[in-house]
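Notes for the one structure printed next.
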2 protein chains.
Amino acid sequence: MRTAFYISDGTGITSEVFGHALLSLFEAEFDHVTIPFVETALKAEQAKQRINDRYKTTGVRPLVFLTFVDEQLRAIINSSEGVCYDFLNAFVDPMQKELGIPAKPKTHRTHSIHEKTYDFRIDAVNYALANDDGANLKDYAKADIILVGVSRSGKTPTSLYLALQYGIKAANYPFVEEDMDSLSLPAALRPHRNKLFGLTITPERLSQIREQRRPGSRYASLRQCKLELDEVENLYQKERVPFLNSTTLSIEEISAKIMAETGLKRQKY
Amino acid sequence: MRTAFYISDGTGITSEVFGHALLSLFEAEFDHVTIPFVETALKAEQAKQRINDRYKTTGVRPLVFLTFVDEQLRAIINSSEGVCYDFLNAFVDPMQKELGIPAKPKTHRTHSIHEKTYDFRIDAVNYALANDDGANLKDYAKADIILVGVSRSGKTPTSLYLALQYGIKAANYPFVEEDMDSLSLPAALRPHRNKLFGLTITPERLSQIREQRRPGSRYASLRQCKLELDEVENLYQKERVPFLNSTTLSIEEISAKIMAETGLKRQKY
């Protein structure tokens, strides 16, 4: 099996995202190895040695996805036996020409505590946790968005992803049976109607997810799931709450769709 | 101000990560616009129109970071007035030659529910929430790692990031004063000693963070923070718990360091 190395003087996250996206276009299996924080010549030589050793033992040249700020460290990795993809560097020259200013590489420019938006993101994570699952009805004025939906429709992981990725303060509120019986919005949500975003899901998938949590329960039964989802979708329509069906979507996809549909301003790029 | 567009037939996350990493090398401000899920010719034409309109109103050509699987949609964006950076596509040919197999692009290959590791990541998020802040001492057998540290040293957001990014099941346990007085590991942690990873932080930064939470309290006082951190660092050393100082690190950096130091096998690339 071919080895893919992700090597960086930072976290390696940018290399991983790029390398993963590129390799996902090919129907092949890879052995993935990340070596982050390669910040000294010694560490770079050690990383080079690992690449070369892997070449020796497998007989195929490893793929190496690298991002480096330091020229000397970059050169050490590029002198290895790996096939090096220095994807960021490849675009620096054209971008310099287009912008008419020189690049000023600094380490830890991305994924660092020094990013302007870092504190927003941590505040948003804390907000999501404090306002998860209807735990707190008093802080909705501070929410950027309030996700609503039946239990286990994907609200919590989506709230956390919105916080971590975009710095968005997302509360979430689970509809319980009393809310649905009266087919109207709970009092706590009414003043924040313009921040509501609904999630729905197919009854089959919801039942499957709930079965894992409480096997054989009424809560997990297809009949109950169908009933709740019908009521909640009626409520969305009646109250004109925008909503989407999360059944086949990842939390990344749900979040990206919510951002696009609501026009919320993210705190991070 | 120059506009940077991130356009994709998927979530746009890959374009954002790449574009952000590239632009962070330049000392300039940009106006960022993401257009995800451009899955039809109509949507592509609308996106092209937005790029062209922006050129008209600002007088400078927008930068366009794009990832497309569909050739026709890609061509529509490339025919806009923007300066297009089709960074993934630029590497497909060399990678095809190196691997000796053709690329088979499919939409939603990354950041999708169909990724093999998606369920691991959602399970890990649920695990992190259920085992946050010492809430549950009985499920540590299922943990991949147990983060320990004093209150507000960064355990919770790090646990969530490890779950979302790497599919790692991270519990976290906050040391309280009784744990530290006796300078020994709490009983619940002892059987899982090999999974422990400690966080520490400078007393000044900890006091600052705690002040936001409970202003003027003993809990937030520099004296109390110093005391707790001294004790906890002694405990790490005595019990040989690996640890790192999170003061100047982002949760991405803490997580990447933990992954590298522990050799934990991630569930996602």
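Letters A, B, ... mirror the listed sequences (proteins, then strands); counts begin at 1.
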Handout entry: Validation row: A/Arg266, B/Thr34 side chains within 4.5 angstrom (heavy atoms)
Key = yes
Handout entry: Within-4.5 Å side-chain heavy-atom neighbours: B/Phe87 and A/Leu88
Key = no
Fill in the blank from the handout: Note: B/Thr11 and A/Ala256 closest approach over all heavy atoms is O-CB, 3.8 Å
Problem - Engaged part of B/Ser15 at the chain A interface, taking heavy atoms whose separation is under 4.5 Å - result: neither
Practice task
Answer with side chain, backbone, both or neither: which region of A/Leu99 has an atom nearer than 4.5 Å to a non-hydrogen atom of chain B?
Solution key: both
Completion exercise
Under 4.5 Å to a heavy atom of chain A? For B/Ala163 that would be neither
Fill in the blank from the handout: Taking every heavy atom of B/Phe37 against every heavy atom of A/Lys257, the minimum-distance pair comes out as CE1-CG, 3.2 Å
Exercise for the section: Would you confirm whether A/Tyr118, through its side chain, and B/Ile251, through its main-chain N or O, come within 3.5 Å as a donor-acceptor pair? Expected result: yes
Exercise for the section: Measure B/Leu249 against the heavy atoms of chain A and call it side chain, backbone, both or neither at under 4.5 Å. Expected result: backbone
Problem - Validation row: B/Ile13, A/Gln165 side chains within 4.5 angstrom (heavy atoms) - result: yes
Practice task
Just give me the residue among A/Ile101, A/Val125, A/Asn126 that pairs up with chain B most often, heavy atom to heavy atom, under 4.5 Å.
Solution key: A/Ile101
Problem - Proximal component of A/Ser8, with respect to chain B [non-hydrogen, under 4.5 Å] - result: neither
Practice task
Measure B/Val60 against the heavy atoms of chain A and call it side chain, backbone, both or neither at under 4.5 Å.
Solution key: neither
Problem - Close side-chain approach of B/Glu16 to A/Tyr166, heavy-atom, < 4.5 Å - result: yes
Fill in the blank from the handout: Per-residue tally against chain B (heavy atom, under 4.5 Å) across A/Met95, A/Arg61, A/Met259 peaks at A/Met95
Problem - Neighbour count above 12 (heavy atom, 6.0 Å) for A/Phe120 CZ - result: no
Fill in the blank from the handout: chain B shares the most heavy-atom pairs under 4.5 Å, among A/Ala21, A/Ser255, A/Ala260, A/Gly154, with A/Ala21
Fill in the blank from the handout: The interface call for A/Val83 against chain B, heavy-atom contacts under 4.5 Å, is side chain
Problem - Straight-line distance of A/Thr14 OG1 to B/Glu252 CD, nearest 0.5 Å - result: 10.0 Å
Handout entry: Interface moiety of A/Tyr161 toward chain B, non-hydrogen atoms closer than 4.5 Å
Key = both
Handout entry: Cation-pi geometry met for B/Lys104 and A/Phe26 (6.0 Å, 45°)
Key = no
Practice task
Measure up the B/Tyr85 and A/Phe91 rings against each other and bin them: parallel (under 30°), tilted (30 to 60°), perpendicular (over 60°).
Solution key: perpendicular
Fill in the blank from the handout: Between B/Lys265 and A/His32, the two heavy atoms sitting closest are NZ-O, 4.0 Å
